[in-house]
Structures are given as structure tokens and as C-alpha cells.
Amino acid sequence: MISPEGDVFAGKADSVILPGESGGFEILNMHAPIVSTLGKGEVVIHASSGFADAKMQEGLSPDEKGDLVLEVSSGVVKALDNHVTILVD
């Protein structure tokens with residue numbers, strides 16, 4: 001995940017829940033290729049093994065469920081070959 005301020009998150013995840021402009025959706029492992037715009041809402045990143053090996057923006061930490069939850073106002077997501085790239089504002 002990248003913002004204008006720099007890298008926000010880079011690491012392995014089991015799922016990513018995103019606020020699409022037409023409604024929320026989830027990307028799981030082996031998701032079909034997709035490019036979509038994002039609206040205002042929460043991006044939720046879930047990793048069952050935790051985030052010990054992830055690179056995270058300073059001050060970012062998992063919530064009480066162990067997920068990373070980030071508020072975004074807009075953005076774009078691309079999922080291809082089991083990699084998800086998220087550009088957020």
C-alpha cells in the first residue's frame with residue numbers, strides 16, 4: 001500500500017477488504033485479476049500469521065482482532081498474480 005507520503009504497508013496477507021466506489025469487496029489468495037477505484041472507507045488487511053515480517057509505516061499496528069485497519073479517502077487497487085497493489089490518498 002502506497003500513499004503520497006510514502007510506503008504504508010508491504011507484506012503477506014490472507015485477505016484485503018476494500019471500500020470500492022460501488023461497494024465493498026474482498027480480495028483473497030488467487031483472486032482473479034482486477035483493477036478498481038476505491039472510495040472513502042476502511043482498508044482491512046488480515047494475515048493469520050501476523051505481521052512480524054511486514055514493513056509498516058511508523059505508528060501503524062494491528063487492531064484488537066489482529067487486522068490492520070486504515071482509513072482512506074480514495075484510491076486505486078490492482079490484483080494480479082497473487083499480488084495486490086493499493087494506491088491511496
Side-chain angles (χ1 to χ4, degrees):
M1 177 180 288
I2 303 166
S3 76
E5 291 79 31
D7 292 345
V8 177
F9 172 82
K12 294 183 179 184
D14 297 315
S15 67
V16 181
I17 300 172
L18 301 147
E21 283 193 336
S22 298
F25 62 99
E26 183 173 18
I27 296 176
L28 300 169
N29 289 332
M30 303 306 295
H31 195 283
I34 185 174
V35 173
S36 180
T37 55
L38 303 177
K40 184 176 182 169
E42 292 183 340
V43 173
V44 180
I45 302 170
H46 175 74
S48 58
S49 60
F51 298 102
D53 296 328
K55 296 178 185 176
M56 292 186 274
Q57 184 177 45
E58 188 175 329
L60 188 60
S61 62
D63 67 5
E64 64 279 352
K65 296 179 191 174
D67 296 333
L68 290 178
V69 181
L70 302 111
E71 288 288 329
V72 299
S73 57
S74 64
V76 177
V77 62
K78 175 183 89 170
L80 179 65
D81 295 332
N82 227 24
H83 288 88
V84 178
T85 303
I86 307 169
L87 307 174
V88 296
D89 191 22

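As a basis for the values below, the full set of heavy atoms in this structure was taken, side chains included, without hydrogen atoms, waters or symmetry mates. Worth saying up front: this structure is predicted, and the values here are computed from it rather than measured.
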What distance do [X] atom [atom1] and [Y] atom [atom2] have between them, rounded to the nearest 0.5 Å?
X	Y	atom1	atom2	result
S36	E21	OG	CD	7.5 Å
H83	H31	NE2	NE2	15.5 Å
E71	K40	CD	NZ	7.5 Å
N82	L28	CG	CG	10.0 Å

Could you tell me whether D53 atom CG has more than 12 heavy atoms of other residues or ligands within 6.0 Å of it?
no
Can you list the residues that meet the side-chain hydrogen bond (donor to acceptor under 3.5 Å, both in side chains) rule with E58, with sequence neighbours excluded?
none
Other members of the hydrophobic cluster containing [X], with the 4.5 Å side-chain heavy-atom rule, please.
X	value
V77	M1, V8, F9, V16, L18, F25, I27, I34, L38, V43, I45, F51, M56, L60, L68, L70, V72, V84, I86, V88
M30	none
V76	V35
V69	I17, V44

Closest heavy-atom contact between S49 and D14?
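That would be N-OD2, 4.4 Å.
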Looking only at non-hydrogen atoms, find the nearest pair between N29 and A13 and report the distance.
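N29 and A13 have their closest heavy atoms at OD1-O, 3.7 Å.
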I'd like to check the side-chain contact (heavy atoms from CB on, under 4.5 Å) partners of S22; sequence neighbours left out, ordered by chain and number.
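Result, side-chain contact (heavy atoms from CB on, under 4.5 Å) vs S22: none returned.
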